[in-house]
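Heads up: numbering here begins at 1 and tracks the sequence.
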Amino acid sequence: MFQSLFVFHPQIRFSSVMYSAQELELFPDRTVTQLLFKDVKNAAELRKNAMEGKIHGALINPSMIVNPFQVLVAANKAVHLHSTGKMKTRSLYSEIIYNLSPTNNISEAFKRFGMSDSDSAVLIVLVHPKEETQHTSDIIAKVDGQQIPVEDVSMLTDPVKVKKLYKTTPQEDTCLLDAVVCRMATKDVM
């Protein structure tokens with residue numbers, strides 16, 4: 001149902017640098033790029049740089065992410081709200097983090113989904129013009145960690161925490177991504 005909003009491209013590999021980039025179908029001038037890192041040693045520095053505006057991206061704790069599609073849904077909603085001037089947070093990237101949450105509590109969303117100083121993994125989400133790639137290279141250079149394919153995010157997921165936060169039922173265990181995206185999408189109407 002939600003997947004029709006996006007045009008998917010296969011994982012792109014430039015030399016030894018991997019990342020996943022998807023064009024937003026409703027915003028064809030925008031691309032969402034996701035970068036996943038494990039064994040990160042400079043989480044505090046990255047978080048500080050993001051808060052100071054030196055990193056233009058959402059720094060997400062991947063333990064709460066079931067699948068990259070979950071992030072695409074949050075990013076698509078954030079871009080839409082940004083274009084209509086109806087964001088609930090101060091920036092596009094904070095809006096992405098907020099949209100991952102099943103609740104309307106902004107500080108809770110940052111606590112659950114934002115990167116903390118002690119995290120050893122990070123999912124970085126960038127929204128940029130389709131032809132812009134230099135920004136991606138700059139971000140990759142700032143991370144002291146091992147980059148892994150975004151599709152491997154489920155290896156870093158904490159399913160117990162995800163199920164508890166999104167209040168899923170045992171019947172939804174086989175389709176956890178659907179349950180998570182449904183709760184994200186309906187939080188504004190509940």
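- Under the 4.5 Å side-chain criterion, counting only non-hydrogen atoms from C-beta, Leu123 is not in contact with Phe37.
- Annotation: salt bridge (charged side-chain N to carboxylate O under 4.0 Å, His left out) contacts of Lys38 (sequence neighbours excluded): none.
- Under the side chain to side chain donor-acceptor pair (under 3.5 Å) criterion, Tyr93 pairs with no residue, sequence neighbours left out.
- Each salt bridge (charged side-chain N to carboxylate O under 4.0 Å, His left out) pair with one or both residues in residues 83-100, not counting sequence neighbours, appears once here: Lys88-Asp188.
- A donor-acceptor pair is defined here as one N or O able to donate and one able to accept, closer than 3.5 Å; such a pair exists between the side chain of Arg183 and the backbone of Ala179.
- Using a 3.5 Å distance cut-off with no hydrogens or angles, the side chains of Glu172 and Thr174 do not pair a donor with an acceptor.
- No donor-acceptor contact under 3.5 angstrom links the side chains of Thr103 and Asn105, judged on distance only.
- Both tests pass for Lys187 against the ring of Tyr98: distance under 6.0 Å to the centre and angle within 45° of the axis.
- Remark: Asp138 pairs with no residue by the salt bridge (charged side-chain N to carboxylate O under 4.0 Å, His left out) rule, at least two apart or across chains.
- When hydrophobic residues (I, L, V, M, F, W, Y) are linked wherever their side-chain heavy atoms come within less than 4.5 Å, the members clustered with Leu81 are Met87.
- You'll find the side chain of Ile124 reaches within 4.5 Å of the side chain of Val143, heavy atoms only.
- Looking only at side-chain heavy atoms (C-beta outward), Leu46 and Val40 come within less than 4.5 Å of each other.
- The salt bridge (charged side-chain N to carboxylate O under 4.0 Å, His left out) check on Lys41 picks up nothing, with sequence neighbours excluded.
- For Glu131, there are no salt bridge (charged side-chain N to carboxylate O under 4.0 Å, His left out) partners two or more places apart in sequence or in a different chain.
- Identified under the side-chain hydrogen bond (donor to acceptor under 3.5 Å, both in side chains) test for residues 152-161, with sequence neighbours left out: none.
- Checking side-chain atoms of Asn49 against main-chain N and O of Lys54 turns up no donor-acceptor pair under 3.5 Å.
- Both Leu26 and Ile96 belong to a single network of hydrophobic side chains, linked directly or stepwise wherever heavy atoms of I, L, V, M, F, W or Y lie under 4.5 Å apart.
- Counting heavy-atom neighbours within 6.0 Å of Met155 CE, excluding the residue itself, gives a total above 12.
- Every residue two or more places apart in sequence or in another chain that forms a side chain to side chain donor-acceptor pair (under 3.5 Å) with Ser94 is listed here: Thr89, Ser91.
- Under the side chain to side chain donor-acceptor pair (under 3.5 Å) criterion, Gln70 pairs with Tyr166, sequence neighbours left out.
- Considering only residues two or more places apart in sequence or on other chains, Arg112 meets the side chain to side chain donor-acceptor pair (under 3.5 Å) condition with Glu108.
- Looking at residues two or more places apart in sequence or on another chain, you find a side-chain contact (heavy atoms from CB on, under 4.5 Å) between Ser116 and Ser118, Asp119.
- Using a 4.0 Å cut-off between a side-chain N of Lys or Arg and a carboxylate O of Asp or Glu, Arg30 and Glu23 do not qualify as a salt bridge.
- A distance-only check finds a donor-acceptor pair linking the side chain of His56 to the backbone of Gly53 [under 3.5 Å].
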